[in-house]
J.: 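Below is one structure. I have some questions about it.
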2 protein chains.
Amino acid sequence: MLDLAACCAPIRREPLDPADARVLAEAFRALADPVRLQLLNLIATSAAGEVCACDLVEPVGKSQPTVSHHLKVLREAGLVEADKRGTWVWYSVVPHRLDELRRVLARR
Amino acid sequence: MLDLAACCAPIRREPLDPADARVLAEAFRALADPVRLQLLNLIATSAAGEVCACDLVEPVGKSQPTVSHHLKVLREAGLVEADKRGTWVWYSVVPHRLDELRRVLARR
DNA sequence: GATCAATATCGACGGTAATCGATGTTGCTC
DNA sequence: GAGCAACATCGATTACCGTCGATATTGATC
């Protein structure tokens with residue numbers, strides 16, 4: 001799992017070495033797809049704070065394997081968490097991960 | 001040029017329609033490459049607030065065409081501006097573009 | 001334990017992006 | 001205007017990514 005807290009000061013404030021640039025790019029790459037942004041949005045704006053994966057396929061208009069793939073990318077980027085309860089998997093956002101990305105973009 | 005201000009409320013706060021998701025994803029895609037993050041960092045942290053393109057090739061360790069390509073991507077994403085002065089081109093960041101991306105990631 | 005439903009994984013295909021050498025373009029200088 | 005330097009574009013190559021059908025896995029139910 002990529003660790004942003006241990007990595008990157010705001011890029012408008014301090015020098016960024018190549019290794020940290022790779023970690024950061026990997027994090028932003030998770031946000032660089034419209035389907036993943038929609039999934040993240042659906043999960044983040046849900047009233048319960050979590051959404052069953054079964055309710056994420058139809059809204060984004062992609063196949064079940066494709067949605068599963070994108071959820072995996074979001075998971076590996078640390079942006080969402082999966083909680084398996086019986087047959088269903090419930091997804092929720094990891095707020096501090098998005099906060100860390102905000103921090104990296106802060107003004108100098 | 002993609003327009004974030006006219007597009008996207010914070011994705012943790014309001015629903016995100018597919019068209020806006022595409023615009024947003026395009027913006028984040030510009031940040032999803034280590035070379036571009038390094039270039040953005042070099043420009044943003046420069047004392048003068050702008051950097052000659054000629055001083056951006058060596059630090060990132062890529063060929064001149066590759067650097068030129070990445071600068072174009074950053075330009076088309078609205079994250080940097082280019083100012084041609086004689087033989088040289090000076091690059092500076094567009095602060096409000098990065099601020100808009102921060103806003104999109106804000107908490108609900 | 002056989003069946004069914006929800007997810008994940010696999011394999012393959014098509015598109016896109018990163019990279020670089022070669023070449024084009026622009027502007028300076030003598 | 002010839003030569004040179006900075007930068008952009010082109011063409012080709014390679015690698016990666018999104019997508020989906022098919023299949024495997026897991027867990028619930030009867």
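The sequence lines fix the lettering, A, B, ..., with proteins before strands; numbering per chain opens at 1.
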J.: Give me the one residue out of B:Val51, B:Val67, B:Val57 that meets side-chain contact (heavy atoms from CB on, under 4.5 Å) with B:Leu39.
T.: B:Val67
J.: Check the pair A:Ile43 / A:Leu56 against side-chain contact (heavy atoms from CB on, under 4.5 Å), numbers first and verdict last.
T.: CA-CA 9 Å; A:Ile43 298 167; A:Leu56 290 171; 4.2 Å; yes
J.: Send over the distance from A:Leu31 CG to D:dC17 C1', rounded to a whole Å.
T.: 16 Å
J.: Using the 3.5 Å cut-off, write out each protein N or O paired with an N or O of nucleotides 10-15 of chain D and the distance between them.
T.:
none

J.: For B:Arg102, does its backbone N or O pair with a side-chain atom of A:Arg102 as donor and acceptor, under 3.5 Å?
T.: yes
J.: Can you tell me how far P of D:dA6 sits from CG of B:Leu71, to the nearest Å?
T.: 16 Å
J.: So which nucleotide from D:dG18, D:dC7, C:dT19 ends up closest to the side chain of A:Asp33?
T.: D:dG18
J.: Check this one for me: any side-chain N or O of B:Arg29 less than 4.0 Å away from OP1 or OP2 of C:dA17?
T.: yes
J.: With respect to the side chain of B:Ala53, which nucleotide from D:dC7, D:dA8, C:dC20 is positioned closest?
T.: D:dC7
J.: Indicate, with a heavy-atom threshold strictly under 4.0 Å, whether A:His70 touches base, sugar-phosphate, or nothing.
T.: sugar-phosphate
J.: Only counting residues at least two apart or in another chain, list the ones meeting side-chain contact (heavy atoms from CB on, under 4.5 Å) with B:Cys7.
T.: B:Asp20, B:Val23
J.: Return the value, rounded to whole Å, for the distance between atom CD of B:Gln64 and atom P of D:dT9.
T.: 11 Å
J.: For B:Glu26 and C:dT16, what is the distance between atoms CD and P respectively, to the nearest whole Å?
T.: 12 Å
J.: Looking at the side chain of B:His69, which of C:dT19, D:dA6, D:dA8 is the nearest nucleotide?
T.: C:dT19
J.: Taking A:His70's backbone N and O only, do any of them form a donor-acceptor pair with A:Arg36's side chain (distance below 3.5 Å, no angle check)?
T.: no
J.: Checking the side chain of B:Ser68 only, and the main-chain atoms of B:Gln64 only, is there a donor and an acceptor separated by less than 3.5 Å?
T.: no
J.: Less than 4.0 angstrom between a side-chain N/O of B:Arg75 and OP1 or OP2 of D:dA8, yes or no?
T.: yes
J.: Between atom CG in B:Asp83 and atom C1' in D:dA6, what is the gap in whole Å?
T.: 15 Å
J.: Could you state the atom-to-atom distance from NZ of A:Lys72 to C1' of C:dT9 in whole Å?
T.: 7 Å
J.: Under a 3.5 Å distance rule, please check whether B:Arg75 uses its side chain to pair with a backbone N or O of B:Val80 as donor and acceptor.
T.: no
J.: Which listed nucleotide (C:dT19, C:dA18, C:dT7) is nearest to the side chain of B:Thr66?
T.: C:dT19
J.: Verify, without hydrogens or angle tests, whether B:Arg13 (side chain) and B:Arg107 (backbone) share a donor-acceptor contact under 3.5 angstrom.
T.: yes
J.: Need one value for A:Val35: base, sugar-phosphate or nothing, where a base atom within 4.0 Å counts as base even if backbone is also close, heavy atoms only.
T.: sugar-phosphate
J.: Does the protein touch nucleotides 25-30 of chain D at the base, only the backbone, or not at all? Give it as B, S and - per nucleotide, heavy atoms under 4.0 Å.
T.: -SSS--
J.: Rounded to whole Å, please give me the gap between OH in A:Tyr91 and P in C:dA6.
T.: 15 Å
J.: Any ion pair linking A:Arg97 and A:Asp99 (charged N to carboxylate O, less than 4.0 Å)?
T.: no
J.: Look at the side chain of B:Asp83 and the backbone N and O of B:Val89, then say whether any donor-acceptor pair between them is shorter than 3.5 Å.
T.: no
J.: Nearest whole angstrom, please: distance from the P of D:dA5 to the CG of B:Asp55.
T.: 16 Å
